[in-house]
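Since this is a predicted model, take the numbers as computed values, not measurements. Naming: A, B, ... by sequence-line order, numbering from 1 per chain. Hydrogens, waters and symmetry mates are skipped; everything else that's a heavy atom, side chains included, is used.
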Amino acid sequence: MPEIYQFTVNGKLCATEKNKPLLRYLRDDLHLYSVKDGCSEGACGTCTIIVDGVAVKSCVLTTKRAVGRTILTVEGLSDLEKEAFVYAFGTSGSVQCGFCIPGMVMAGKALLDKNPSPTEEEVKTAIRGNVCRCTGYRKIIEGILLTASILRGETKIDPEAEKGDDFGVGRRAFRVDVRKKVLGYGKYPDDIEMEGMLHLSAVRSKYARARVLSIDASEALAMPGVVGVLTAEDVPNNKVGHIQQDWDVMIPVGSVTRCVGDAICLVTAETEEILEKAKKKIRIEYEVLKPVTSIAEAMAPDAPKVHSGGNLCQTRHVTRGDAAAALASSAYTVTKSFSTPFTEHAFLEPECAVSFPYKDGVKILSTDQGVYDTRKEVAIMFGWDPHRIVVENQLVGGGFGGKEDVTVQHISALAAWIYKRPVKARFTRQESINFHPKRHAMEGTFTLGCDENGIFTALDCDIYFDTGAYASLCGPVLERACTHSTGPYCYQNTDIRGYGYYTNNPPAGAFRGFGVCQSEFALETMINLLAEKVGISPWEIRYRNAIEPGKVLPNGQIADCSTALKETLLAVKDVYEANRGHAGIACAMKNSGVGVGLPDKGRAKLKIVDGVCVINCAASDIGQGCATVFCQDVAEATGLPLEKIRMGSGSTEEAPDSGTTSGSRQTLVSGEAVRVAAIALGSALEETGGDLEALNGQEFFYEYFEPTDKLGANVRNPKSHIVYGFATHVVILDDEGRVKEVYAAHDSGRVINPISIQGQIEGGVLMGMGYALTEDFPVKEGVPQAKYGTLGLLRAPQIPDIHAIYVEKETLLETAYGAKGIGEIATIPTAPAVQGAYYALDGVFRTKLPLEDTFYCKGKKVSN
Amino acid sequence: MKRRKRTAVIRCAGGGAVRPPQAGGESADCAARMTLPPGEGGCGEGCLGGGSCLAVCPREAISFRENGSAAVDREKCIGCGKCVRVCPRGLIALVPAENTIQPLCSSTLPGRETRLACGAGCIGCGICERACPAGAIRVEENRAVIDQEKCIACGMCAAKCPRGVIHDANGIISDV
C-alpha cells in the first residue's frame with residue numbers, strides 16, 4: 001500500500017502519495033505560484049517557505065520529510081501582513097524584477113515572528129540564503145525593517161503611497177507592479193498553465209566540440225506520454241541569431257557541435273515527470289573532437305574552425321587623430337595588459353516560455369528583453385511573415401542582457417506549431433548557465449599617455465574578446481568596448497583595435513555594461529599610474545581631464561549641456577581625499593540609446609479605454625522599472641492620477657515596437673515617445689476640461705527618433721549617441737581589505753524616480769563589486785564548471801554601505817524630461833575603483849579580474 | 001564590530017561511548033577514558049561519554065543522548081567555548097549560530113570500516129559534496145566537513161545524506 005504524506009499548507013490539510021520536492025508539490029499540485037523555482041538546487045532562495053516557523057527552502061524539503069508539518073507560503077499570510085509587506089516594500093523600493101521577493105518576504109516573516117525588533121545585521125543573516133541580483137539588498141533590508149515597524153504598530157500604512165495621486169516626474173513613486181510581485185500573483189511564464197499544455201526540453205551536447213554521429217530516440221518515443229522528438233530536420237530554417245544568424249537551433253547528425261549548450265534534439269511530453277525519464281532514454285553517439293578553448297587557440301593558424309567562415313567573428317578599428325605620434329611625444333606613458341573573465345548574469349528567473357497555436361501562427365508568452373526581437377528570430381526560424389507570430393511579455397525576472405537572444409521561445413514555438421498544442425519550455429538553472437550568452441572574457445593591452453600636467457594625450461589598445469560559440473551581440477559589444485575604452489575625457493588621439501573570436505566556450509553577448517566594464521577597467525586603473533608619475537592625486541588627474549559641456553569627447557562627439565561628470569567628481573572629492581590610503585576612484589561614461597547610426601526608435605501609443613489612459617509601448621520592463629517611469633511621464637504631462645493610467649500588455653499585437661531593453665535606453669528613448677504622446681493627450685484633456693472619459697477610443701501616438709552617426713562616419717564631430725551618462729565611484733576598504741563603503745555619484749540627467757534610481761545604483765554597484773572581487777566563470781574544455789551557488793554572487797551579509805548620489809545639472813536636455821538612463825553605468829566604474837583601492841592599500845597593481853590576493857579570496861590578507 | 005553569536009556543536013552522535021554515560025561531577029573525566037577500549041558501536045574516535053563537556057558547561061546546555069553521545073542544546077548554549085577546550089578528542093567546535101546544518105561525525109576511518117562500526121557515522125560517499133549548491137561541504141579524511149563561511153544552511157546535504165549524518169538543528173530537513 002502506498003505511503004500517504006500529510007501536512008498542512010496555509011491552514012489546509014493536504015495529502016499526496018508522491019515523494020517529491022515540496023516546491024514541485026506546492027506549484028504543480030496546489031498551484032501556489034508565489035513559491036518560485038529559481039534553481040531547485042538550494043542556492044537561490046526563491047522557493048523559501050515557512051515550515052513550523054522556520055524559513056526553509058522548499059526545493060530541499062521533500063513531501064515525505066514534510067509529514068505532520070505546518071507550511072506557510074505568501075498566499076497564506078494574514079491580510080495585515082500582506083498589506084504591511086506591500087506598503088513597506090513599495091515605499092522602500094525593495095521590488096525590482098520581483099522574482100526573489102516572495103522568498104524574501106517569507107525569510108523576513110520567519111525572522112519577525114521570532115524577533116519583532118531585529119537589527120539590520122539580524123535581517124541580513126535572515127536573508128543570507130536569498131539571492132537578489134537587482135537591488136543590492138539594501139532596500140529589501142529596509143523593507144523588512146519597515147514591515148517590522150508596521151507590525152509592531154509603530155508605523156501606519158498610508159494608502160496614498162500606492163494610490164499615486166501625485167505621480168509625476170521626480171516623485172518617489174510607488175512602482176506600479178509592487179503588489180503583484182510582493183504577493184506573488186504576478187505571472188512570469190512559468191506560472192502559466194494552459195489546458196492540454198505539453199512540456200518540452202532539449203537534450204544538449206555532452207561535449208563542447210563533437211561530431212553528432214547518430215541520434216536514437218526510439219526508446220523515448222515508445223514511452224507513453226511522449227508526444228515527439230524533434231531534430232534539426234524538423235526546423236524550417238535552422239539558423240537564428242539576434243543580429244547575425246549563425247546560431248543553430250539544433251545540431252544535425254553529421255555536423256559538429258560548438259558548445260555544450262547546443263541542442264541535439266527536443267523532447268516533448270505530457271508531463272514533466274515523463275519528460276525527464278524520456279530524455280534519459282535518448283542515445284546520442286559522438287565523435288569527440290578537441291575544442292577551441294581560448295582566444296589564443298582560436299587565433300592559431302591551424303585552429304579548428306568553429307564556424308565555416310573562420311574564427312574571427314568581428315573586428316572594429318576606432319581611430320582619431322594620430323595616437324602613435326602623440327604617444328611618442330608624451331611626457332609619460334603607461335602600458336599594461338589585462339585579463340577579465342566571462343561572467344554570468346545570474347538573473348533569478350530561469351528562462352521559460354509558453355507557446356501555443358494562435359490564428360494562423362503561434363503566440364509566445366515570453367520573458368525577454370524585446371518582444372519584437374524575439375518575434376524576429378522566431379520568424380526567421382519558421383521562414384514566416386513576422387505577423388504570424390505574436391509575442392507577449394509576462395513579468396520578467398531579470399535580464400541584464402542575458403535575455404536578449406532567444407533561448408526557449410523558438411523551440412517552444414516550433415513544438416507548439418508542430419503538435420498544435422500549448423507547449424511550455426523551461427530551462428534548468430544549469431541549462432541557463434550553460435546556454436545564454438555571458439559577458440565577454442577579455443585579453444587586452446592598453447597604452448595611455450599624458451603630458452607633464454597629466455593631461456591625456458592618446459590611447460592605443462588591442463582588445464581581444466572571446467565570443468564563444470555564437471556571435472550573439474559580439475559586434476555591438478566589441479564596438480562599445482572600443483569606443484568607450486577612452487573614458488569620459490577630452491583627448492583626441494586614439495588607435496583602438498578590437499577582435500572578437502569564436503571558441504567552443506559558451507557564447508558571449510550582451511551584459512550590463514556591454515563591453516565597457518572590461519575596457520574601462522583597464523583604462524581607469526592605468527590612469528592612477530599616470531597620476532603617480534605626474535605627482536598628482538587620482539582625483540586631480542581625472543578632474544583635469546574630465547569632459548565638460550562644449551568640449552569634445554575622444555570619439556569626436558561634442559558633449560552637450562547636460563554633461564555633469566565634473567559635478568560627480570566634486571561630489572566625491574572630500575570623501576576620496578579623506579580616505580587616500582585605502583580608497584580607489586574611477587570614472588565612467590556610458591551611452592544612452594544604441595546610437596551609431598542605427599534606427600533606434602521609441603514608439604508609444606496612448607489609448608483611452610473606459611476613462612483610463614492605457615500606455616501601449618513594447619518596452620520590456622526587466623526589473624529596472626520603466627513601466628513605472630512611463631506612468632510617471634504621463635502623469636507629469638497630463639496631471640492625471642495613477643488610477644487613470646496603466647501600462648498595456650507588452651504584446652506585438654497591441655504595443656508598437658519601441659526597441660530592445662538594452663543600451664540604457666528605455667527611460668530616454670521610449671520615455672520620450674511616451675512624453676510627447678502624453679503632451680498631446682494633455683492638450684486634448686484641456687479641451688475637454690479634464691474629462692478623460694470624453695476621450696474614450698482616442699489614440700495618441702508618437703514615434704521618437706534622433707538620428708546618430710555610425711562609427712567611422714565622415715563627420716568632423718560625429719554624434720555617436722543621443723546622450724551619455726557619467727559617473728564617478730569611490731570605493732573605501734577597511735584595513736583588512738573588506739569593502740566598507742562605496743560612494744557612487746551619477747549624472748543621469750533628470751531623476752524620474754529617486755527610489756528607483758537609487759535601487760539601480762545600489763544593485764549595479766554590488767554587481768560591479770562582484771565582478772571585481774568574487775565572481776568568476778571557470779570553463780574546462782568548453783564546459784562551465786560553476787553552479788549558481790559557486791558563481792561568487794555576493795549575499796546580503798557582504799554588502800558595503802552604498803551611497804547613491806545623483807547630480808542633476810541645471811541645464812538638461814528636453815528629451816524624456818531630461819532623463820539620461822542609469823541601467824548599465826552603475827556597474828562600470830566599481831571594479832576599477834576597487835582595484836585602485838587595493839593598489840592604495842598594498843601597492844600591488846592587479847591586472848586580472850576577479851582581483852587576486854584580497855580579503856575575498858582565500859589566503860592572503862592585506863594591511864596598511 | 002559586534003561579535004557574531006556562536007553555538008557549540010559536538011561532532012559525534014554515535015554509540016561509541018565507553019561505558020554507560022555519567023552525569024557531571026568530579027568523576028566526569030573523558031581524558032581518563034581515552035585509554036579504555038571503545039564500547040559497542042564505536043569507531044574509536046568518537047564521543048567517550050564521560051561528560052567532561054557537560055561538567056564544564058556554565059549553562060547546563062549539554063546532555064547525553066540515549067546512545068551515550070553528548071549533544072548541545074542550542075537554546076541554552078552561549079558559545080563560551082569551555083567545552084571545546086575540554087574535549088580530549090577535539091570533537092567540539094564553535095560555529096555561527098545561523099549554521100543549523102551540521103555533520104555530526106569526526107571519524108577518519110574509511111567508509112567501509114565506519115559502516116561496520118557505527119550506524120551514525122559518515123562513510124565519505126561524497127553525495128553531500130555533489131549536492132551542495134555552494135561548494136561548502138567536502139569529504140576530508142573520510143568524513144564530511146563544512147566550510148562555515150561558505151555554508152548558507154540550505155540543508156541540501158542533510159536532505160541527500162543516505163546515512164542521516166548531517167543534522168538539522170531545527171529538525172526539519174533531517175533529525176536534530
Next on the checklist: Looking at B:K160, I'd like to know if its NZ atom is crowded, meaning that more than 12 non-hydrogen atoms belonging to other residues, nucleotides or ligands lie closer than 6.0 Å.
Outcome noted: no

Checklist entry - Highest number of heavy-atom pairs under 4.5 Å with chain B: which of A:G789, A:P797, A:A66? => result A:G789

Item to check | Between A:R128, A:K787, A:K57, the one whose heavy-atom pairs under 4.5 Å with chain B are most numerous | outcome: A:R128

Checklist entry - Got a second to check how far B:K150's NZ is from A:R795's CZ, nearest 0.5 Å? => result 12.5 Å

Checklist entry - For chain B, which of A:D52, A:T48, A:V56, A:V54 has the most heavy-atom pairs under 4.5 Å? => result A:V54

Checklist entry - Which bit of A:T790 comes within less than 4.5 Å of chain B, counting heavy atoms only: side chain, backbone, both or neither? => result both

Item to check | Residue A:R429 versus chain B: region with a heavy atom under 4.5 Å | outcome: neither

Checklist outcome for this item: Whatever's closer than 4.5 Å to a heavy atom in chain B on A:S58 counts as neither

Checklist entry - Is the CD atom of B:E60 crowded by more than 12 outside heavy atoms at less than 6.0 Å? => result no

Checklist outcome for this item: Cut-off 4.5 Å, heavy atoms of chain A, and the answer for B:C151 is backbone

Item to check | Atom group of A:C39 that falls short of 4.5 Å from chain B, counting heavy atoms | outcome: neither

Checklist entry - CD of A:E122 to CD of B:E98: how many Å apart, nearest 0.5 Å? => result 10.5 Å

Checklist entry - B:A153 versus chain A, heavy atoms under 4.5 Å apart: side chain, backbone, both or neither? => result both

Checklist entry - Would the number of heavy atoms belonging to other residues, nucleotides or ligands and lying under 6.0 Å from NZ of A:K18 be above 12? => result no

Checklist entry - Does some side-chain heavy atom of A:E41 sit less than 4.5 Å from a side-chain heavy atom of B:C154? => result no

Next on the checklist: What I want to find out is whether B:D175 reaches A:R65 closely enough, with some N-O distance under 4.0 Å, to be called a salt bridge.
Outcome noted: yes

Checklist entry - When rounded to the nearest 0.5 angstrom, what distance separates CD1 in B:I172 from CG in A:L61? => result 7.5 Å

Next on the checklist: Using heavy-atom distances under 4.5 Å, tell me whether A:V51 contacts chain B through its side chain, its backbone, both, or neither.
Outcome noted: both

